[in-house]
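Since we're looking at a predicted model, the values are computed, not measured.
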Amino acid sequence: MIQRSRTARAWALATLLAVPAILPAQEPPKVTLGGQLRPRLETRTPVRGSRDTFTSLRVRGSLEAHLEGGVRVFVQLQDVRLFGEEGNTLTDYRADALDLHQGWVELAEVPGIGGTARIGRQEMVFGEQRLVGAVDWAQQGRSFDGLRYTTPSLGGFKPDLFVMRLQEATASTQEDDATFFGAYGRLGLEEGGTVDLYALATTDSREEGTNEATLGALWTGGAGPVDFRLEGSLQTGERHGEDVSAFMVGGRAGTKVRETVTLTLWYDFLSGDEDPDDGEIGVFSTLFATNHPFYGLADYFTDIPLHTGGLGLQDAAVKVAWAPAPGTTLSADLHSFRTTQEGDLSTRSLADELDLTLTHRLTSALTVTGGYSFVDARDGMKELGRLEENAHWAYLMLNAAF
């Protein structure tokens, strides 16, 4: 009996060892590791009547694996903190700032219908990020939880369809459901340039909730030495239980005045609410945009409509960029901000802002960037309670990535 048992175990072991020899050979997965370390020193005044100086740090680590059958897996962890935030690292070991920034699986070819599908936590960047972006300037960045499907090409048009869960009432941290969904596609033009078409929607389960749609188009192209951008969006539906009728239009034109110098003219108009008590909302919302590069680098207008008191925003700007040497860029942006509605303000004028930025690539993996912004606060800005005096902001940032 003992001999039979030993013989059976021997045959089982031999069978297991023989399996790899009789199965078709499989290529090992291609795995890529990535990382980023980005410290940034900032100083800003006024902050609560004085100056605030601090250093923030972003650390990211990622793993990307290409598996059999066109399957791709991406996992990205990040830690975002302020220098000195923990106080004592010997007693604080909870890793409160550690989070999953991205974690998704992607099918390169969806069986039966084609196209590409990605599910999980992921960044989304559409167009110039005027409505949906990753907000990379913020150390924490933005990502969404949900499903994104890129259709097969339809005559050169490949729209992205997506459904992202913003809030989940089943979770102990949320009381309501909220969803962001829509379609975004880009069409190349025969004469050059592209046209982006999009339909975006947000909805939630609150009693006086939001069921709002944003429809729009973005045209980018060039005419001779001039490149341009024209974009328009309409918002309709309900926001916080009230009807919405709002819009945004914007344009940009840029050209090289010398081989190393670029000049750009810029204007954006975001509608405002003329009468906040008439039961209809007229102020445009920038949804999930990356607002930092658009409305002044000092970030006094990153939450629209909140930061303009619901009165909308006009931004007229002149931008100059100079590349004195390979890997080095110096830029100067001058903005003039006004509301689109006067409301109870004595003037629509909010502020003039000058942004200076110097970027130098030390190596292929290391870049240093420094900047200074001066904000000349006008009466409108002061009456909104945004600034009581002129503001200064400066920063120095290292970005090491692989």
Side-chain angles (χ1 to χ4, degrees), residues 62 64 70-76 78 99-136 138 140-171 174 176-188 194-206 209-220 231-239 244 246 248 284-291:
S62 64
E64 181 177 354
V71 176
R72 187 159 64 116
V73 174
F74 185 76
V75 177
Q76 186 178 49
Q78 82 171 9
D99 197 10
L100 176 69
H101 182 62
Q102 295 193 82
W104 46 259
V105 60
E106 180 182 271
L107 297 178
E109 186 77 13
V110 179
I113 60 174
T116 302
R118 178 182 295 180
I119 184 169
R121 173 163 291 190
Q122 56 194 281
E123 291 184 347
M124 285 204 305
V125 173
F126 290 140
E128 296 190 337
Q129 304 189 52
R130 304 296 301 275
L131 294 171
V132 184
V135 198
D136 186 64
Q140 67 275 18
R142 176 189 285 130
S143 53
F144 296 87
D145 299 325
L147 170 67
R148 178 175 177 177
Y149 171 67
T150 304
T151 70
S153 180
L154 306 171
F157 187 60
K158 294 177 65 175
D160 282 280
L161 311 177
F162 65 90
V163 179
M164 300 293 160
R165 198 64 159 172
L166 304 177
Q167 294 179 205
E168 175 55 62
T170 304
Q174 306 293 336
D176 302 289
D177 292 326
T179 305
F180 176 47
F181 61 97
Y184 195 108
R186 173 167 292 178
L187 179 64
T194 60
V195 172
D196 294 8
L197 302 174
Y198 51 86
L200 314 173
T202 54
T203 182
D204 62 52
S205 63
R206 293 176 298 175
T210 294
N211 291 281
E212 182 177 26
T214 302
L215 310 175
L218 165 65
W219 178 27
T220 58
E231 185 166 10
S233 303
L234 296 174
Q235 287 181 335
T236 186
E238 291 186 343
R239 187 189 304 166
V244 175
M248 173 188 73
F284 188 85
S285 169
T286 55
L287 298 179
F288 306 99
T290 300
N291 283 330

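Looking at heavy atoms from C-beta onward, Gln102 lies out of side-chain contact with Ser62 at the 4.5 angstrom threshold. Side-chain contact between Leu107 and Val71 is present, with at least one heavy-atom pair separated by less than 4.5 Å. Contact check for Thr194 versus Leu218: no side-chain heavy atoms found under the 4.5 Å cut-off. Put simply, the side chain of Val244 does not reach to within 4.5 Å of the side chain of Thr236, judged on heavy atoms. Under the 4.5 Å side-chain criterion, counting only non-hydrogen atoms from C-beta, Arg72 is in contact with Arg118. No side-chain heavy atom of Leu131 sits under 4.5 Å from any side-chain heavy atom of Tyr184.
In this structure, the separation between CZ on Phe162 and CZ on Phe181 is 9.0 Å, given to the nearest 0.5 Å. Atom CE of Met164 is separated from atom CE of Met124 by 4.5 Å, given to the nearest 0.5 angstrom. Atom CD1 of residue Ile113 and atom OG1 of residue Thr151 lie 9.5 Å apart, to the nearest 0.5 angstrom. A distance of 8.5 Å separates OG1 in Thr286 from CE in Met248, rounded to the nearest 0.5 Å. In this structure, the separation between CZ on Arg142 and CD on Gln129 is 9.5 Å, given to the nearest 0.5 Å. Rounding to the nearest 0.5 Å gives a distance of 4.0 Å between CZ of Arg165 and CG of Asp177.
Taking the centre of each ring, Phe288 and Phe144 come in below the 6.0 Å mark.
A donor-acceptor pair under 3.5 Å is absent between the side-chain atoms of Glu238 and the main chain of Gly209, judged by distance alone. With Ser143 contributing its side chain and His101 its backbone, the two residues share a donor-acceptor pair below 3.5 Å. Side-chain N or O atoms of Thr290 include one that pairs as donor or acceptor with a backbone N or O of Val135 at under 3.5 Å.
Taking Asp136 as the reference, Arg38, Arg58 meet the salt bridge (charged side-chain N to carboxylate O under 4.0 Å, His left out) condition, with sequence neighbours excluded. Considering only residues two or more places apart in sequence or on other chains, Phe74 meets the ring pair (Phe, Tyr, Trp, His ring centres under 6.0 Å) condition with Trp104.
With salt bridges taken as basic N to acidic carboxylate O contacts below 4.0 Å, one links Asp160 and Arg148.
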- Query: Would Thr203 and Thr179 satisfy side chain to side chain donor-acceptor pair (under 3.5 Å), going step by step from the backbone distance to the final call?
  - Reply: CA-CA 5 Å; Thr203 182; Thr179 305; over 6 Å; no
- Message: Show, in sequence, the C-alpha distance, side-chain angles and deciding distance for Thr202 and Thr214, and conclude whether the side-chain contact (heavy atoms from CB on, under 4.5 Å) test is met.
- Response: CA-CA 9 Å; Thr202 54; Thr214 302; over 6 Å; no
- Task: Any chance you could lay out the side chain to side chain donor-acceptor pair (under 3.5 Å) test for Glu168 and Thr170, step after step, and finish with the verdict?
- Result: CA-CA 5 Å; Glu168 175 55 62; Thr170 304; 2.9 Å; yes
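Minimum interatomic distance between Leu200 and Ala183 (heavy atoms only, all atoms of both residues): CD2-O, 4.1 Å. Across Leu197 and Ala217, no two heavy atoms sit closer than the pair CD2-CB, 3.8 Å. Residues Gly185 and Phe157 share a closest heavy-atom pair of C-CE1, 3.4 Å.
Exactly one residue among Val163, Ile119, Thr116, Val110 makes a side-chain contact (heavy atoms from CB on, under 4.5 Å) with Tyr149. That residue is Val110.
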